[in-house]
**Q** 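I'd like to ask you about the structure that follows.
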There are 2 protein chains.
Amino acid sequence: MPKESTYSAISKSLWLNSAMISKHLDNSLGAIHGIGLSEYMVLLNLEEAPGQTLRRIDIAEAIGRTASAVTRMLMPMEKIGLVEKVANDRDARVSLVKITAAGREIFTNASVTLDAKSKTLLKNIDSEEAKLLLDLLHSI
Amino acid sequence: MPKESTYSAISKSLWLNSAMISKHLDNSLGAIHGIGLSEYMVLLNLEEAPGQTLRRIDIAEAIGRTASAVTRMLMPMEKIGLVEKVANDRDARVSLVKITAAGREIFTNASVTLDAKSKTLLKNIDSEEAKLLLDLLHSI
DNA sequence: CCTATATACTTGCACACTCAAGTATTGATA
DNA sequence: TATCAATACTTGAGTGTGCAAGTATATAGG
């Protein structure tokens with residue numbers, strides 16, 4: 001059997017860890033705030049965007065999903081009033097998405113939950129290592 | 001807006017990175033060897049298991065999926081002969097899974113692909129950092 | 001033994017996602 | 001201006017997964 005490289009070991013570990021962690025966070029957010037991690041990431045990106053507004057395609061890019069996933073994800077989010085549609089007068093093809101006050105509220109609350117849960121899940125890593133890990137993840 | 005903790009930043013980064021990386025690896029493995037990352041991980045665990053045999057529940061545990069996911073995943077894998085069912089005479093509830101010669105062959109080939117692809121995906125990380133990152137991921 | 005509880009799976013249903021194809025609009029070029 | 005390619009989305013069909021409920025077997029306590 002050929003010796004496995006550190007790189008494929010990282011891929012595997014990343015795959016496994018992320019599966020576990022995502023599931024935990026998803027369940028927590030879902031139970032408490034009624035949204036999943038994907039929805040949370042949408043809100044996060046909208047919150048940080050200039051004018052709290054983004055095109056659907058940019059959301060898709062930002063969260064690593066396809067445009068169709070975003071379309072379907074936003075339907076219920078719009079229905080319950082977390083986001084709203086905004087037209088773009090320069091380009092009739094795009095339908096902009098804007099976070100609402102209700103959406104911002106949910107986002108803020110969910111952030112607290114996410115934070116707390118993340119700390120518990122990553123309790124084996126001290127804050128020194130955490131910074132290091134974050135840097136490494138960002139450089140990928 | 002409350003300052004976000006390093007820990008939740010790690011969760012988010014882990015979520016995003018893993019989505020991207022998994023998709024790439026999944027596509028590569030699928031196109032070349034006809035299996036996904038999950039199937040690969042099943043084969044990996046079987047290969048490393050004593051007697052190349054595991055209970056379905058242990059597979060589920062090892063790859064972070066539920067028992068039902070494993071049941072459905074194994075059906076096609078058994079059909080194309082990557083794994084085979086083995087009865088357990090001590091306990092009639094369990095149906096053991098064993099990797100076949102064909103399965104081992106696919107696994108070995110897929111490992112090469114996975115390795116190469118992982119190196120390209122993680123090319124921004126040198127081997128020093130890679131070891132560090134792997135350690136951190138394992139300690140989660 | 002017999003019953004109750006736990007374990008190892010399997011199956012029906014729902015949901016989130018992708019891919020491919022379709023629609024509408026824009027921008028560039030002949 | 002007419003056409004054609006590119007872009008921003010939407011939609012239909014198929015896949016993989018989880019949850020909850022069901023089946024079969026095992027184990028423990030009376």
Side-chain angles (χ1 to χ4, degrees), chain A residues 15-16 18-31 34-42 49 53-80 82-98, chain B residues 15-16 18-31 34-42 53-80 83-98:
Chain A
W15 181 79
L16 245 186
S18 162
M20 313 280 204
I21 291 182
S22 299
K23 208 171 299 171
H24 272 274
L25 296 180
D26 220 58
N27 288 342
S28 302
L29 288 183
I35 60 174
L37 245 187
S38 302
E39 284 78 15
Y40 176 83
M41 293 299 285
V42 169
T53 304
L54 284 175
R55 301 183 309 162
R56 294 160 124 78
I57 266 227
D58 296 326
I59 296 177
E61 163 78 12
I63 67 173
R65 295 279 133 85
T66 61
S68 69
V70 170
T71 294
R72 293 191 232 263
M73 214 168 32
L74 289 179
M75 292 195 300
M77 290 180 73
E78 195 185 334
K79 188 161 285 178
I80 62 176
L82 302 183
V83 299
E84 58 186 356
K85 242 182 261 204
V86 177
N88 180 342
D89 22 302
R90 301 277 179 90
D91 190 337
R93 287 170 305 182
V94 331
S95 104
L96 295 169
V97 184
K98 182 172 186 177
Chain B
W15 182 77
L16 245 185
S18 162
M20 314 282 204
I21 292 182
S22 298
K23 209 173 299 174
H24 272 274
L25 297 179
D26 220 57
N27 288 341
S28 302
L29 288 182
I35 59 173
L37 245 188
S38 302
E39 282 79 13
Y40 176 84
M41 292 300 284
V42 169
T53 304
L54 285 175
R55 301 183 310 161
R56 295 159 123 78
I57 266 227
D58 295 326
I59 296 177
E61 162 79 12
I63 67 174
R65 295 280 132 86
T66 59
S68 69
V70 170
T71 294
R72 294 192 235 261
M73 216 167 36
L74 288 178
M75 292 195 300
M77 291 181 73
E78 194 185 336
K79 189 161 285 177
I80 62 177
V83 299
E84 59 184 357
K85 241 182 261 203
V86 177
N88 181 341
D89 23 303
R90 299 278 180 90
D91 190 336
R93 287 171 305 181
V94 330
S95 104
L96 295 168
V97 184
K98 182 172 187 176

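Here is how names work: the chains are called A, B, and so on, in the same order as the sequence lines, proteins then strands, and each is numbered from 1. Since the structure is predicted, the reported quantities are computational estimates derived from the model, not experimental observations.
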**Q** Assess whether one donor atom and one acceptor atom, taken from the side chain of A/S38 and the base of C/dC17, lie less than 3.5 Å apart.
**A**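 No, no donor-acceptor pair under 3.5 Å.
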
**Q** Atom NZ of A/K23 and atom C1' of D/dG18: how far apart are they, to the nearest Å?
**A**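 In whole Å, D/dG18 C1' lies 8 Å from A/K23 NZ.
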
**Q** Report the nucleotide, chosen from D/dC9, C/dC19, D/dT25, that has the shortest atom-to-atom distance to any side-chain atom of A/V94.
**A**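 Side chain of A/V94 sits closest to D/dC9.
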
**Q** Has B/E78 got more than 12 heavy atoms of other residues, nucleotides or ligands less than 6.0 Å from its CD?
**A**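 Count over threshold, so yes.
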
**Q** State whether A/R56 places a side-chain N or O below 4.0 Å from either non-bridging phosphate oxygen (OP1 or OP2) of D/dC9.
**A**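 No, outside the criterion.
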
**Q** State which of C/dT26, C/dC9, D/dA26 makes the closest approach to the side chain of B/D91.
**A**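 Per side-chain heavy atoms of B/D91, the pick is D/dA26.
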
**Q** Between the base of C/dC19 and the side chain of A/S68, is one N or O donor paired with an acceptor at under 3.5 angstrom?
**A**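 It does, because a donor-acceptor pair links the side chain of A/S68 to the base of C/dC19 below 3.5 Å.
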
**Q** Quick one: are B/I21 and B/H24 in side-chain contact, heavy atoms under 4.5 Å?
**A**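 When only atoms from C-beta onward are counted, B/H24 and B/I21 do not touch, as no gap falls below 4.5 Å.
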
**Q** Let me spell it out: for each of A/A69 and B/A67, pick the nucleotide of DNA chain C with the closest heavy atom. Which residue's pick is nearer the 5' end?
**A**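 It is B/A67, whose closest nucleotide lies nearer the 5' terminus.
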
**Q** Under the criterion side-chain contact (heavy atoms from CB on, under 4.5 Å), I'd like the reasoning laid out for A/I57 against A/V94: C-alpha separation, chi angles, the key distance, then a yes or no.
**A** CA-CA 9 Å; A/I57 266 227; A/V94 331; over 6 Å; no

**Q** Starting from the 5' end of DNA chain D, give me the residue, B/T66 or A/S95, whose nearest nucleotide shows up first.
**A**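 Whichever sits nearer the 5' end wins; that is A/S95.
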
**Q** Could you tell me whether B/R72 contacts a base, only the sugar-phosphate backbone, or nothing, with contacts defined as non-hydrogen atoms closer than 4.0 Å?
**A**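 Base, at least one base heavy atom under 4.0 Å.
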
**Q** What is the separation between atom CD1 on A/I57 and atom P on C/dT26, rounded to the nearest whole Å?
**A**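 It is 15 Å, rounded to the nearest whole Å.
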
**Q** Expressed in angstrom and rounded to an integer, what is the separation of B/D26 atom CG from C/dC19 atom C1'?
**A**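 In whole Å, C/dC19 C1' and B/D26 CG are 14 Å from each other.
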
**Q** Could you check whether any side-chain heavy atom of B/Y40 comes within less than 4.5 Å of a side-chain heavy atom of B/D26, counting everything from C-beta outward?
**A**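 Contact flag for B/Y40/B/D26 side chains = no.
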
**Q** Can you identify which nucleotide, out of D/dT17, D/dA24, D/dA8, has its nearest atom closest to the A/R93 side chain?
**A**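 Output: D/dA8.
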
**Q** What is the distance, to the nearest angstrom, from the CE atom on A/M20 to the C1' atom on D/dG18?
**A**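 My rounded result for the distance is 15 Å.
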
**Q** Would you kindly give the CD1-to-P distance between B/I59 and C/dA8, to the nearest whole Å?
**A**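 Computing the B/I59:CD1 to C/dA8:P distance gives 13 Å.
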
**Q** Which listed nucleotide (D/dC19, D/dT17, C/dC19) is nearest to the side chain of A/N27?
**A**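 For A/N27, the side-chain atoms sit closest to D/dC19.
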
**Q** Do A/I63 and A/M73 have side-chain heavy atoms sitting under 4.5 Å apart?
**A**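 Result yes, sub-4.5 Å side-chain heavy-atom pair found.
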
**Q** Rounded to whole Å, how long is the line connecting atom CG of A/D89 with atom C1' of C/dT25?
**A**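 Taking atom C1' of C/dT25 as the reference, CG of A/D89 is at 14 Å.
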
**Q** B/R65 CZ to D/dC19 P: how many Å, rounded?
**A**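 Going from B/R65 (CZ) to D/dC19 (P), I get 12 Å.
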
**Q** Using whole Å, report how far CZ of A/R55 lies from C1' of D/dT7.
**A**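 Rounded to whole Å, this separation is 9 Å.
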
